[in-house]
Amino acid sequence: MKIHEYQGKLLMEKYQIPTTKGSVADNPADAKRIAQEIGRKVAVKAQVHVGGRGKAGGIKIANTPEEAYEAAKAILGMNIKGLTVKKVLVEEAVDIATEYYLGMLVDRDSKRVIVMASAEGGVEIEEVAERSPEKIAKVWVDPAVGLQDYQIRQLIFGAGFDRRYVKEATSFLRHLYACMIGADADLAEINPLAITQDGRMIAADAKINIDENSLFRHPDLAGWKESEDGHEIEEEATRRGLTFVHLGGNIGIIGNGAGLVMTSLDVVNREGGKPANFLDIGGGAKADVVKNALEIVLMEEGLQGIMINIFGGITRCDEVARGIIHATEGMELNIPVVVRLSGTEEEAGRRILEGSAKFTPAASMQEAAQKVVSLAGLR
Ligand code: GDP
Ligand code: MN
């Protein structure tokens, strides 16, 4: 899960990493007010889930609150690599003398966290990595013991940091590693790690990705999850905790398990339908999850039918059936809803659905796809 720079800085602050202070605004007037409160030169920075904002014009320095207003006006609504800027961070600008780089990420090959440092930070770090990889010092951390002091020294001297900053850099590395582990991040990066004109070390940017599978133990971070492209139904689905992707076709698809849902998309496609969406209710879904799922799919425009494909393992078919009944209570469904229930408690599930004329049962995925496509009049 990607989070914004301002959120990354809040996290870093929690781990005693010095960062620039500021607040977010979604309109120029608020940006001006924040700049007034800061009372000196500010940086106005686009908050989007993508790097390279500086090069794209998404970062401006403003000397006065009026300039901050104008900067925010120019940046808000800007399109950066396909993402619309909805928020800007207004923070005290730092007078940067030197830009270093610190980065940590989970390295899948070695199954360890790799920690990197370079004295050549800044917006060209990708080029440094490509053209002169020797300028990036790297160590791999044994998860049983964590980042060791000798590794920190290897990083700092290997990267060629100015010796005057060994103490600060050591503290940054220790705290950033603690932050990475504590927040269950799979990536934590400070670029630039700025050395200011007056000799302080400060995180001028903060990029952190959180492992989504850990969100159950970080309720405070879970609220930071956003859908990527700003699609309204996707955003609502995210709020309801569903894995949902809008596809734009005519047959709504609900299933449990990503593999089963993807197969459902293929089968419906082969039968002549066009999947409207991908929706995975996951394993062990209770009735209220199913109800949410149906409500979300019904928001899709141009829907001509719905196929519900459940393979009951830890998911109980009777729970799913109850959810379907709940979701559609008092609702006039003017499109066919074909339900295939198979596995745990399938008999009980079918009996629950038999009581309602709104649903068409199917014995297999194949049959469900054929039925929904033909009932929808698509062939
Ligand atoms: P990114 O381009 O998305 O990685 O955004 P960054 O936050 O890293 O900003 C890009 C560049 O803008 C940095 O490398 C700095 O050179 C510059 N920059 C960002 N914030 C400040 C600031 O407060 N003061 C100054 N002087 N430059 C800044
Ligand atoms: Mn950066």
Side-chain angles (χ1 to χ4, degrees), residues 2-13 17-25 31 34-65 67-68 70-72 74-76 78-105 115-130 135-136 159 161 172 176 179-180 185 187-209 226 228:
K2 292 177 179 172
I3 64 175
H4 292 296
E5 173 191 7
Y6 79 92
Q7 295 162 332
K9 283 180 171 170
L10 286 174
L11 259 181
M12 286 188 185
E13 215 168 89
I17 297 168
T19 67
T20 37
K21 304 277 175 291
S23 301
V24 278
I34 296 164
Q36 249 152 6
E37 281 163 17
I38 292 173
R40 54 176 302 252
K41 189 168 74 169
V42 295
V44 181
K45 309 177 78 175
Q47 299 298 289
V48 278
H49 287 154
V50 69
R53 296 163 303 159
K55 284 187 177 172
I59 291 172
K60 295 188 194 300
I61 304 291
N63 290 302
T64 63
E67 279 182 31
E70 292 304 325
I75 294 172
L76 288 165
M78 189 183 262
N79 187 300
I80 300 182
K81 295 180 185 168
L83 300 178
T84 306
V85 181
K86 293 177 184 164
K87 282 179 286 193
V88 290
L89 170 62
V90 182
E91 58 173 20
E92 50 168 318
V94 282
D95 293 316
I96 302 176
T98 314
E99 299 192 330
Y100 288 169
Y101 168 88
L102 286 186
M104 314 188 164
L105 65 139
V115 181
M116 296 176 283
S118 176
E120 311 236 342
V123 295
E124 305 296 343
I125 190 69
E126 271 88 9
E127 274 180 29
V128 174
E130 197 140 303
K135 289 186 173 160
I136 300 178
F161 282 9
F172 263 84
L176 190 60
C179 177
M180 167 124 185
L187 179 145
E189 199 179 63
I190 301 177
N191 186 37
L193 171 63
I195 307 281
T196 63
Q197 304 277 8
D198 55 0
R200 288 173 302 131
M201 192 177 244
I202 190 161
D205 189 9
K207 183 169 181 198
I208 296 182
N209 294 351
E226 292 174 14
E228 289 303 317

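Every number for a ligand or one of its atoms is a count from 1 in the order of the listing.
Within 4.0 Å of ligand 1, the residues that place a heavy atom are Ala43, Lys45, Gly51, Gly52, Arg53, Gly54, Ile59, Ile61, Ala93, Val94, Ile96, Glu99, Val123, Asn191, Pro192, Asp205, listed by chain and number.
Near-neighbour remark for the Mn ion (ligand 2): protein N, O or S atoms under 2.8 Å are Asn191 O, Asp205 OD2; waters not counted.
Of the inter-residue distances, the one linking Met104 atom CE with Met180 atom CE reads 7.5 Å to the nearest 0.5 angstrom.
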message: One pair to check against side-chain contact (heavy atoms from CB on, under 4.5 Å): Lys2 and Val50. What are the steps and the verdict?
response: CA-CA 9 Å; Lys2 292 177 179 172; Val50 69; 6.0 Å; no
- request: Mind running side-chain contact (heavy atoms from CB on, under 4.5 Å) on Ile61 and Lys41 for me, showing each step along the way?
  value: CA-CA 7 Å; Ile61 304 291; Lys41 189 168 74 169; 3.7 Å; yes
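Lys9 has no carboxylate O lying under 4.0 Å from a charged side-chain N of Glu13, or vice versa, which leaves the two without a salt bridge. A salt bridge links Asp198 to Arg200: one of the charged nitrogens lies within less than 4.0 Å of a carboxylate oxygen.
Residue Gln47 forms a side-chain hydrogen bond (donor to acceptor under 3.5 Å, both in side chains) with just one option from Glu5, Lys86, His4, and that option is Glu5.
In this structure, the side chains of Arg53 and Ile75 stay at 4.5 Å or more apart for every pair of heavy atoms. Leu89 places none of its side-chain heavy atoms less than 4.5 Å from the side chain of Thr20. Under the 4.5 Å side-chain criterion, counting only non-hydrogen atoms from C-beta, Met12 is in contact with Ile208.
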